[in-house]
There are 2 protein chains.
Amino acid sequence: MVTIKDVARVAGVSPSTVSRVVSGNPRISTETSRKVKEIMEQLGYHPNVMAKSLVSKTTQTLGILLPRPAEELFLNFFFGELIRGIVTQATRAGYDMLMTTVTSDHDELETISRLVRGSRVDGLILLSSRKNDPVIAFLQAHNFPFVLIGRSDEFPDIISIDNNNVQAAYEATNHLIAQGHERIGFVSGPPNLVVSQDRLAGYHQALKEAKLPSKQEWILEGDVLQESGFRAMSFFMSLPDRPSALVVYDDLIAFGVLRGLTELGYSVPSDMCLVSFNNIPLSELASTPISSIDIGTYQLGYTATQSLLRAVHGEPLSQNQIVIPHRLIVRESSIQPNLKRT
Amino acid sequence: MVTIKDVARVAGVSPSTVSRVVSGNPRISTETSRKVKEIMEQLGYHPNVMAKSLVSKTTQTLGILLPRPAEELFLNFFFGELIRGIVTQATRAGYDMLMTTVTSDHDELETISRLVRGSRVDGLILLSSRKNDPVIAFLQAHNFPFVLIGRSDEFPDIISIDNNNVQAAYEATNHLIAQGHERIGFVSGPPNLVVSQDRLAGYHQALKEAKLPSKQEWILEGDVLQESGFRAMSFFMSLPDRPSALVVYDDLIAFGVLRGLTELGYSVPSDMCLVSFNNIPLSELASTPISSIDIGTYQLGYTATQSLLRAVHGEPLSQNQIVIPHRLIVRESSIQPNLKRT
DNA sequence: CTGAAAGCGCTTACAG
DNA sequence: CTGAAAGCGCTTACAG
């Protein structure tokens, strides 16, 4: 391994000078700089990142904490797209991304602590938020730069990038109401996630404003796999007063719902209308293309990284909470041509 | 930030001793060890990872090189599942994962070089292989530990984890042949990927052995988006002598194929049978559940990491090429009850 | 514009 | 079983 000393010796200068050339210090003569660069190239010199980090107290690395397996499974497409947004922006800014996962609730803080207090990363991105998240409390207590993709009621001032999920679910529900539906159900995600709660709230709000009935049995807070949508259907369809449309928490679950209805002999949209979230690429390729709220997943990741980098560099943020716009993409699953408006 | 010196001072021992306690050196008295640990706990000491890396020449970090955007889009589910397998195994072994992406062919080697020669990671996982991959040549030239998820003709001796894609496609094709199909087409992925070539080869092999015709116009080497399956269909179905079954490179593309056929008024499996690859969770939730080869994506990532860690630790590998078993999951898309065998 | 020196926080022969 | 010392590869006041 060729070090800064080797370059210095061959170039006939001091290690300090080589260091300055590498970092682009302006007080180096162009002549010296040229020569040193030539030697570096010649010897194949590459700065040792660890040594640099040790003295500069900065790692040029951001951390991502992966959610626990259960949630992760669900995230899937969403997750991949988010990571893509994050990594793209980080790379562009010259940062690497470090990923760790926790295996249990128990070691969660230990994992974080290792990264934070061991000076492993300069900042951290949290991919999802639960109620009373201890990770957030820890990071805030240690005054460590981080951003949350999502929202936190308990810590309203932290930097967070989110959709307006209440509004999005409100619009999705209103879209169904505008089609003339009066009995509208909701298939939810993991109840401890803030995003689940927000979407449920928006749904309730829309029903309330439209003075439509809201029944507990029309709401299913299931687990997160696409299968849960499937199981939900036999239940829903056997209700005496079953809903005629559903707001579904996530496209994957919507696929399960669609499949479940088909197997039970019902068809979408004529027997049941659907609106879902995330707008994964497959949504439009379903047997009945699924109406879905596009939440700008890539942009969510991209923007989160931008904000985090600003925080890391101590630059001021114009706003701590950024809302990524959403957009309802209407497809066949929510359009019933033969249904009259009330 | 509390350092090893702080702990040493408070505990009344030398920094060397503290270091030995941290690393679990056996020649430390239990008494000293106990006391030092207590102080560490008390002061909230966490080892500085950078400093340790600098002297130990090891980072406890593995790198993942993300494929370029185009391919990445396609990978999607596959990609997420693979990463999950990798991160799980790495975490279990006490390693972090570093992700970087390349923005262009141009900076590909530079990115790798920075990681490798800057001592940023202990080993590297390549997520896919192209023909004549310069990254592989570079890593081998520098004698740097890495594993390839995939296969390389040019570098047959490197550590690689792969499916037997030739055999898998051979079986998929034979499955269709066994159903009585005689005109079988192939919808491929990016032609420069080894996996595309392998699957195409297996398809050809099966046709050849069964002495079935193989026509160039039955083979579509498209790009990687699910959309390409869609476009493929208008072409295929308008052929005078069109195939009655298709082997499709990937489930996402199969979704596009399915959708395209539906829109053109054809149905699966009665007008066209399908077998695909990857067995993503949504395959069984398609309007017609899609027969797919499960390639053990999670296991691919998991095993790759295990092998890489062995290589990093200089442990011998029983075999450099590991093949993860695949399994054809037969669903409705490839079963034509009313079709007689020839 | 450049160099000598100290130091980042840790590890590890060497000596006892 | 423990400590003093040197060193990992870099940066950065300080001095000139």
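In the text below, chain A, chain B and the rest are named by the order of the sequence lines, each starting its count at 1.
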In whole angstrom, give the distance that lies between atom [atom1] of [X] and atom [atom2] of [N].
X	N	atom1	atom2	answer
Ile4(A)	dC8(D)	CD1	P	14 Å
Met40(B)	dG9(C)	CE	P	17 Å
Glu31(A)	dC1(C)	CD	P	13 Å
Lys35(A)	dT2(C)	NZ	C1'	11 Å
Asp6(B)	dC10(C)	CG	C1'	13 Å
His46(B)	dC10(C)	NE2	C1'	16 Å
Lys5(A)	dT11(D)	NZ	P	13 Å
Asn25(A)	dT2(C)	CG	C1'	10 Å

We want to know whether [X] and [Y] form a side-chain donor-acceptor pair, criterion being a heavy-atom distance below 3.5 angstrom.
X	Y	result
Thr30(A)	Ser33(A)	no
Thr17(B)	Ser14(B)	yes
Thr61(A)	Arg120(B)	yes
Gln89(B)	Tyr302(B)	yes

Strictly below 4.0 Å, heavy-atom distances to any atom of DNA chain D: list the hits from residues 9-21 of chain A, or just say none.
Ser16(A), Ser19(A), Arg20(A)
Side chain to side chain, [X] and [Y], heavy atoms closer than 4.5 Å:
X	Y	result
Lys57(A)	Ser119(A)	no
Leu124(B)	Phe144(B)	yes
Thr305(B)	Leu309(B)	yes
Leu115(B)	Asp96(A)	yes

Pick the C1' atom in dT12(D) and in dG16(D), then give their distance to the nearest Å.
16 Å
I'd like the P distance from dG9(D) over to dA13(D), given in whole Å.
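Their P atoms lie roughly 23 Å apart.
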Taking only side-chain nitrogens and oxygens of [X], does any of them come within less than 4.0 Å of OP1 or OP2 of [N]?
X	N	result
Thr32(A)	dC1(C)	no
Lys52(A)	dC8(C)	no
Lys57(B)	dG9(D)	yes

Listed range with range, the stems formed with DNA chain C by at least 3 consecutive Watson-Crick or G-U pairs (under 3.5 Å) are C:1-3 with D:14-16, C:5-12 with D:5-12, C:14-16 with D:1-3
Closest nucleotide of DNA chain C for Arg27(B) versus for Leu54(B): which of these residues is on the 5' side?
Leu54(B)
Regarding Lys35(B) and Glu38(B), does a basic nitrogen lie under 4.0 Å from an acidic carboxylate oxygen?
no
